[in-house]
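Down below is the structure, laid out as structure tokens.
Sequence lines set the chain letters: A, B, ... in the order given, protein chains first and strands last, and positions in each chain run from 1.
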Amino acid sequence: MSALVSDRQRRVSIFPWKAQRLSELDGEAHSYDALLASVGYEPRCRAITKGLGTVPTEAVAVEFEHTRPSSYDESLQWFADQGVRTSREWAELFLPWFRGWLLKIAASQPGARIAVDISSMNRPRIAAVVQALAELPMDVRISVDLLYAPSRFSPPHEHPDGVLTLRPVSSYLGGQLGTQTSPVALIGLGYEPHKANAALEGLEIRSALAYVPVGPHRDFRDAVLKTNRGLLGGPEQHPTVNYEVLDPFDCIARLDGRVHALLGNGDVPAIIPLGPKIFALCACLVAAIHHPRVSVWRASFDKEELPIKRLDEGWVCGVTVTLAPAFAPMDDSESQAAPASVPAVSEPATRSLAPTHDKPPARPGAVRRRGAAHRRAPDH
Amino acid sequence: MNDPNDGPYSRYNARRSTPAQVARDFVPPDHYWELRETVQPQLVIGPRGIGKTTLLKMLLPEAIDAWDKREAADARRQIAYTGVFVAADKMWAGQFDQLAEPLHGDSLRIDARDAFARAAFAYMALAAFADAAAYRCRPDGDERQFRWVNLEVAESERLVGAVAPAWLAHPATATFRDLAEQMQSKLAALGELMEEAGSPGMRTQQMRKILRERVLRIKFFTAAVRFIDAFNRAVGQQEAPWVLLIDEFEFLPPAARGLLGESFQGHDPRLSYKISLAPYTGTAPFKGTPLDDWEKIELSPPQNPSEDPFTVKLFEDQLSSSRPDKMLKGKGFDREGKDSYGPTSRNAQDIGKLAAFDPNFRRWLERVLGGSTLAETAKNPKRRKELSKAMPLVRLRLEYQKLRAGAQGTRRSRHAVPVLYTGLRNIYAMSEGNPRWIKALSHALLEERPRDARTISPAAQTRAITEVAFKVYEKLKAVNIDTSSGGEVVSPYTEYPDLTPKRLLDTLGDYLKVQTHDRAFSPDVPGAFEKDVRDDEWLEEVLNSLVFLGAIVVEKRGRHAEHDTIRLARMWAPIFELLLRRGQPRSLKSALRHPRVRSPVKRSSPGQETLDVGGDNA
């Protein structure tokens, strides 16, 4: 098993979380001590909270400052009805608030299990979640399930032409300030027309590896390939890697391996996570592993971005991140789950790794993996 | 990873290429010799793709050594300085801006932001100095190589040790490579310190402490001159000049640009600068710098690319043919017997066909003929000249009308283009002499050439041209424009808040198309715009992005003209159904009255429900 950011005094580990149908989530098995969601305009923002059934006592849904059509108010009301507290700690206030929230929970309930729904977070918020986890003090012991509900497939929209803003997703994940002669983009593709191309052009990156999402709906991949045919075919022919939306752990392993190879070769990896937000989560986690040598970029049409009323596909997937002082088991129940046996994510080059987990925490979502191909995303 | 192989812009971008790669197919334009001949400060101004980065990189010893063409010997003889290349690119600027963004509000934070900017530039430039020195004294070099010097290891160590304190480097630093790496490390450390300074809740006292950090105390000018002095003494070339080649100057934060001004004021004749920047970057890059006084080398498309030696040579190189005219046959707008107006001539046939369905043309023709026949009218030299000037427009209207008619009531596909734009002369014209367009066109043309064939048919040429034009056109749907600079977020003033690069191009292109095809027929059809809109900052940004991408060409105003003139790059002619000529300028302000630039159009597919609000879910 692998470590996210570890040293002699602390273990930070990432585990797979078995993708499941939302309708089949076992409320008892998936009981959490705390839940973080986001109030969004897309109905998908409620899917995981709803799927979990039982809302923990400490449950917060953080709002967004902008983009509030009527469906946003519906979400707001829905969370209130479920007894979920809403918070306005948005934008730059989110990181310090989330850090404090985690610390408070960890102090009151050592070894607490927390669910974080990233489905309707924007990329800076996802980056802030990862940063907070990576920077928590050494003595904190928590287990965080980072969950994602893929959106129901709908055909790609024709986006009006726009002005693309390109920025690192956060200062923490902005990479190392330096004279970069050979940046290589690891670009997650979505089906927004022209965005991937414009991002590469804007950053003047000539070498890129494209990550193609394979979602629960087979039309999704076709749509992604069609939208990006200019990038993937013809004279351009950037090489591609497929990843399964429902298997973020595998995606992390693939991304991490590539980053490791690039760094070893003297290249500067820059991850541009377009497409499903689960790829943004994977990108941020991998960049945190290699912090500060990998940058994660956000490409956005900002206010011209089309807000699409996304529904969930009926699935939930994710990864589990555990934090604990080194050599300190989470609790007795840890011995009940075996470590996931996936190809190891590379060691952080700048920090020494704690020993491999012998006894990871018990999590209903954790599975023993026999390789990436053991489970295929369902087509339906 | 894969080779640079990604379209007309980045595929041929020298930015990410090593000097040796740049040298491989370098064809020196005239401006290269202007840069080479003097150590005086110079500004290289030109749109993206015109070859600014290539020019600067080709002044580096590594490039000269790798250049194996005949002209390389001249360059070796005449370049009397050591080039030091500093690249400030979009990616670097994005990282810096992200870190600098929280540093605003009070003077302390602004001071901190400026101090970081100056230090960042200093470490970037010093790392480049160390790299240049390392290349000059590389142990595997010899005297045949450009500006190589034989420096004993002990002497090199002594030299590095002597400059280390001014560079805030470790006193035990032994080699130039170590020195360069330390500068990179300092740059990285600077980034971490910036992140700390920008963290929420940073108190004044903490910020003051950060400002006292040693890494911020670097003095660029002192460090650079100390280095030049020590190196020159060590190699016995006391007065040898070093020239800082700063690429894409506009991407440097304002404070770093100011630093350059300060260092220039403390002028040391051994340190000079050559700077490249894009046109229409406003006045911001010049603030606090002496750039206004520098010699300006403006790279602009050649008036007549077919007579431009650089364009011709590059095409020949790219097509691997010394006779591209044999390969690219096609008469384009010309026809056999172009001066013949007899009843059975091709000209007469075309005129007759167009007059049959185009009432605007018919009115013009009746006026010109004045009751005479075409053949008789053409005997009058003045009328003949007028007819001759009108014929390309006649063919343009006619051919596009045929395509529309062929579309059987549906709208003509923009990809359906007549074979008017073919032939070497027209392809030269569409390239604008821009290396990226030339290389993209050459690549597409060679792709269309049947195996072992010596020629490329007009139809195949049209396919190649259309492919390149549409590929770039599609890319304009998403263009990166960032109005912040050095962490300073700027909200540009504008009367056109909904303007985007593609909307501007479409507006201007459609305006010209209407003038060309639907308005009263005139051989002097409009084809350019007087830039009569001033002080609209967002329009400038959008315009600049198009100039930057080579999509719009700026023609500087003449001595007596009130405004600059802009025109669409000729590559757009097939898309907007235009002639390959400049044409009469019209008011830009008038063209921008189109509602498209004032109200954005939002569309969605039937399967998706979109919400009628501005959003940011990225």
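When each of B:Val542, B:Thr18, B:Val86, B:Leu99 is scored by its heavy-atom pairs under 4.5 Å with chain A, the top score falls to B:Leu99. Per-residue heavy-atom pair counts under 4.5 Å with chain B were compared for A:Pro96, A:Ser170, A:Gly40, A:Ser120, and the maximum is reached by A:Ser170. Between chain B and the options A:Pro168, A:Ala199, A:Gly202, the largest number of non-hydrogen pairs under 4.5 Å is found for A:Pro168.
B:Glu248 and B:Lys90 are not joined by a salt bridge, as no carboxylate oxygen comes within less than 4.0 angstrom of a charged side-chain nitrogen. Note on B:Glu474 versus B:Lys471: no salt bridge recorded, every NZ/NE/NH1/NH2 to OD/OE distance being 4.0 Å or above. Looking at B:Arg503 and A:Asp161, a side-chain N of the basic residue comes within less than 4.0 Å of a carboxylate O on the acidic one, giving a salt bridge.
Taking A:Glu92 as the reference, nothing meets the side-chain hydrogen bond (donor to acceptor under 3.5 Å, both in side chains) condition, with sequence neighbours excluded.
Contacts between B:Ala188 and chain A at a heavy-atom distance below 4.5 Å involve backbone atoms as well as side-chain atoms.
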